[in-house]
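A quick write-up on the structure given underneath.
Nothing here was measured: the structure is a model prediction, and the numbers come from that model. Counting starts at 1 for both ligands and their atoms, in listed order.
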Amino acid sequence: MDIQDLRIMVAKHATSTNALVALGLAIDARVRGTTLDGDTARRTEAVLGELGISDVVANTSARELAPVLAGIKADLLSGGKLLSEPSESSRHLEDGMRQAFGDVSAGFPLLLKRLIAPLLADLPERLESPGATFLDIGVGVGALSIAMLRQWPGLKVVGVDPMPEAIAQARSNVMAAGLDDRIELRTGLGQDITEENAFDLVFVPSAFIPEPQVRAIVARGRAALRPGGWLLLAMVKPGPDALGEALAYFRTGIFGGTVFEKDAARDCVEQCGYVETRMLPGPAGAPVAFVVGRKPV
Ligand SMILES: C[S@@+](CC[C@H](N)C(=O)[O-])C[C@H]1O[C@@H](n2cnc3c(N)ncnc32)[C@H](O)[C@@H]1O
């Protein structure tokens, strides 16, 4: 490869970046219920038309589009931040980026309700039952917790995060949603929670947590779960080829998170004494999978 090939490769990838910007603008207008101004609308629509996605953007609900927009923002904003401030010390998330990462996860409860929970013994009934409690490790800005309550309005939630800035953002989002009586927020590490036999479901976003901490959380989560309660470990599923794999390690590593080698996450869950463990796929096209396990009854 020479410099000319390099330029061609950059131009090819820049096309994808710009396509995502146009798509992000179009979805942002749908989600906010606004319209783009004349020229921007026309040019954006031309890009969407060439991509063959005008209809799906126009006909999908704002609620389903919002996590897609958040994914685009999380990638582009964090990539731009990394390029503008490459030094390790400045790699903290700003409010807008933290919100985008949170909004990505807000799509998860619908997937959980429709596709994952029905595969897991009594989990649907557990989440509907009085006193059902969810532990959201890495609660971030609270977007996932709030979305859980949209699916299961009777749920109680405890959300834990070591970043005081994240908890402050979560507090304001939870207040704005009128859910402060249902979501308890704590600044702290997931592995330091002290409850025993208290939760029906524990969620762990391993892509944002260093591996030794994920292992400690999985072990501690077993004690914190009620007998028969479920652990849901979200993990990065590296892309289908060598580049996809390298990119998964690159992006996840930058934020200090874990990419588990094949089967390592499930092994970890089994070694911590969970039963009925299995791997489940994430949404189509998303670089995410889940390992689930149950505390023995
Ligand atoms: C991207 S966020 C998850 C988004 C979240 N679902 C939301 O709605 O905003 C991942 C979070 O995990 C937190 N985290 C990292 N290590 C942790 C640990 N050991 N225990 C608990 N949370 C941790 C990070 O501070 C970060 O806020």
Members sharing V236's hydrophobic cluster, built from side-chain contacts under 4.5 Å between Ile, Leu, Val, Met, Phe, Trp and Tyr, are Y249, V259
Residues with a heavy atom under 4.0 Å from ligand 1, by chain and number, are F101, G102, S105, I137, G138, V139, G140, V141, G142, A143, L144, V160, D161, P162, M163, L189, G190, Q191, F208, I209, Q213, I217
Does the D28 side chain pair with the main chain of G24, one donor and one acceptor, at a distance under 3.5 Å?
-> no
Members sharing L76's hydrophobic cluster, built from side-chain contacts under 4.5 Å between Ile, Leu, Val, Met, Phe, Trp and Tyr, are L20, V21, L23, I27, V31, V47, L48, L51, I53, V56, V57, L65, V68, L69, I72
d(D263 CG, M279 CE) to nearest 0.5 Å is 7.5 Å
Check: A168 main-chain N/O paired with S172 side-chain donor or acceptor under 3.5 Å: no
With sequence neighbours left out, the residues meeting salt bridge (Lys or Arg N to Asp or Glu O under 4.0 Å) with E125 are none
